[in-house]
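Take a look at the structure below.
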There are 2 protein chains.
Amino acid sequence: MSPRRRTTLRDIATALDLSVNTVSRALADKDAVSVETRRRVKAEAERLGYVPNTMARSLVLQNAMTLGLVITNPSNPFYARLISAIEERGRTRGYSLMLMVTEDSIDNERRAAEELMRWGVDGVLAIPVQHGTEHWEGLRKSGIPLVLLNRHLPGLDVDLVGVDYYAGARAATEHVLSTGATELYLAEENLDISPVSERIRGFHDTLAAHGLSAPDDAVVRVDSPGGGGVSVPFDPGPAYEIGAALARRAGPGAVVLAGNDYHALGLYRAFTEHGLRVGVDVGVVGHGDHPFSAYLDPPLTSVRLPAAEVGQAGVDRLLERVETAGQAEGGEAAPAHTLLPPELVVRASVPRPDGGEH
Amino acid sequence: MSPRRRTTLRDIATALDLSVNTVSRALADKDAVSVETRRRVKAEAERLGYVPNTMARSLVLQNAMTLGLVITNPSNPFYARLISAIEERGRTRGYSLMLMVTEDSIDNERRAAEELMRWGVDGVLAIPVQHGTEHWEGLRKSGIPLVLLNRHLPGLDVDLVGVDYYAGARAATEHVLSTGATELYLAEENLDISPVSERIRGFHDTLAAHGLSAPDDAVVRVDSPGGGGVSVPFDPGPAYEIGAALARRAGPGAVVLAGNDYHALGLYRAFTEHGLRVGVDVGVVGHGDHPFSAYLDPPLTSVRLPAAEVGQAGVDRLLERVETAGQAEGGEAAPAHTLLPPELVVRASVPRPDGGEH
DNA sequence: TTGAAAGCGCTAACAT
DNA sequence: ATGTTAGCGCTTTCAA
């Protein structure tokens, strides 16, 4: 019952009257061990319930076989899928995952980076909070490869794997324009991060490409439900508030492009309460294609994000860096940005002037 | 540019012509170091960018300052919130988090337990896959405390912190009955786990308490969107399929209690397509109170789950065990189950016979 | 084929 | 107040 001490190589060695060394090599299936000895060692290890001590191993091998993941909020469904994909890919490649949640706090992020350095993880994937890059510089300087996920960080020249939000916004805006709508709004998260600015840029560029331009107040900002303490899940509330004002402003046939599907849902409710039928009198487009979106009434047109692909590509890129890290000088490839394409899923939340089928 | 070797205590020691030991004690703020020496050591550590090596420290101290979390699927919004809460609580108490995702595969779970033993984590929190307890026994036997989260595992007598699903189901069923409904259905996840069986039990018991009883086919099973590979998020699809059949069977005023809010949403759609108005002709109750639920049309009555509380209580319980683990024999308290109360949030998805306000 | 010795980076017990 | 020694559990020379 007493939590007895873990079995070590030494225990096996003394039990068999061998040296620790021989036991180590026998278990590692190296040569220079007689078949018989190997058999006895493995049997004894089994009998004693031997479990190798990863820390000790890592200490001498100078590799942790661990990746760090620094993420802002697992309740963001896109990030949740990212976590799964990353853990899975890392695991199949032999790496464990240390998870750090920042809740978009730069202090938490700094602590996370520091902690990861202390552990000496082999590499770090991060969805960074905006502003503040010194701690990431510190990581890099200590020789730990870093790959940014999904958010670009100005002033930090490292690898990035993410979503091509600009393309997503262009596709969404293009689609809306194709239905003949002329009054467009963009309801974006009130966060100073690259996905948001990219979407805004895509929105404006697409309009411009059609010889149109949006008034300054066509882009409205929706506060995040954030706050201190335990992470708050996404919430349609703030967009609902905004939606009331929008409902008053919007003429018939107006369409709002939302920064995420929760915002879209808040808009649905606001419009409905103002007697506006989404998909008929007014349009809404989501972003993220959350599983609930296809089942809303009307089904939401949204931009699907390649979460699993981003996670996998992120791990792959990171491990490339990890594996070439011990190389001779100059062997390092320059940092690159990989942007994976999202996909517009057209459903029924944008009115068709011809009343045609969706 | 070359990822130069990490600074160690030795580097500081030689630079200052001190012993490693003195440097160690100076940085740890122990006594028996002159004020002046301490100052010099800290300055030099700073200058050299010294970062303590946690692994080396853990190896000698025989504690990892790490907790393991074994979870089935981060895309389950309840679990996502659990992850945040656990990471946060662990962090404030000085522990890092190693995350293992099982995707409800017993093989993955076994591997996770093994990996955590190799790391020698101080304790493990797990949302277990059903069936198969040997790997958890193994963990326990090696002296690593284990706390189960949310799912009871028959045949394994360990601490559990979770939600009182039985109470939640009773409250929901009671509420439905109080509106005068007499035709009730339960649409449950097709998973052999304790939350599901507890909800079914609560459903039947409440009916019985009112002198009623449900026909055998009142409980219908909804398949999970599961599958191999990267975790699939919850999805209203399967419940939508079931809902079509239910819509045909259900008489006016029938109410379906869903196992989660995604199922409820699938039901909404199925009913609507059959010309049934949810909240008027027919009722739906959700479970989990997902953030989207309050914004559905009609707003979904659902059972709110205390995610953050479960996570915190789980960590607290685990750390109690961790801290008393080194104790003398017999000091261990018996394993206990802590079930936190959910809360029924009444909105407008169940018809009121009097047509009264909600 | 096996063993002895050294060392990864750190802390603790025991000198001095 | 500081240094020396030993050791956490493992792997890697290098000898035998």
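In this text, all values refer to a predicted model and were calculated from it rather than measured experimentally. The analysis underlying the following values was restricted to heavy atoms, covering all of them including side chains, and did not include hydrogens, waters or symmetry mates. First the proteins, then the strands, lettered A, B, ... as listed; each starts at 1.
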Show every side-chain hydrogen bond (donor to acceptor under 3.5 Å, both in side chains) that has at least one partner inside residues 119-135 of chain B, sequence neighbours left out. A:Ser96-B:Trp119, B:Glu109-B:His135, B:His131-B:Asp192
Checking contacts here: which listed nucleotide (C:dG3, C:dT1, D:dG3) is nearest the side-chain heavy atoms of A:Thr22? C:dG3
With sequence neighbours left out, write down each residue that passes salt bridge (Lys or Arg N to Asp or Glu O under 4.0 Å) with B:Asp159, or none if nothing qualifies. B:Arg317, B:Arg321
Please list, chain by chain and in numerical order, all residues satisfying ring-ring contact (aromatic ring centres under 6.0 Å, His included) with A:His152, sequence neighbours excluded. A:His337
Go through residues 110-119 of chain B and report each residue with a non-hydrogen atom lying under 4.0 Å from DNA chain D, sorted by number. none
For B:Arg25, check salt bridge (Lys or Arg N to Asp or Glu O under 4.0 Å) against everything at least two apart and list the hits. none
The criterion is salt bridge (Lys or Arg N to Asp or Glu O under 4.0 Å); which residues satisfy it with B:Lys30, sequence neighbours excluded? none
With B for base contact, S for sugar-phosphate-only contact and - for none (protein heavy atoms under 4.0 Å), nucleotides 5-12 of chain D reads --BBBBBB
Roughly how many Å is it from CG in A:Leu16 to P in C:dT2, rounded to a whole number? 11 Å
Give one of base, sugar-phosphate or nothing for B:Thr37, where a contact means two heavy atoms less than 4.0 Å apart. sugar-phosphate
Round to the nearest Å and state the distance from B:Leu18 atom CG to D:dT4 atom P. 11 Å
Partner set under salt bridge (Lys or Arg N to Asp or Glu O under 4.0 Å) for B:Arg89, not counting sequence neighbours: B:Asp316
Gap between atoms CG and P, on B:Asp11 and C:dG9 respectively (whole Å): 8 Å
So that I can tick it off, tell me whether B:Arg93 and B:Glu323 are bridged by a salt bridge, with the cut-off set at under 4.0 angstrom between side-chain N and carboxylate O. yes
For A:Ser24, the side chain to side chain contact (heavy atoms under 4.5 Å, CB included) test, sequence neighbours excluded, returns A:Leu9
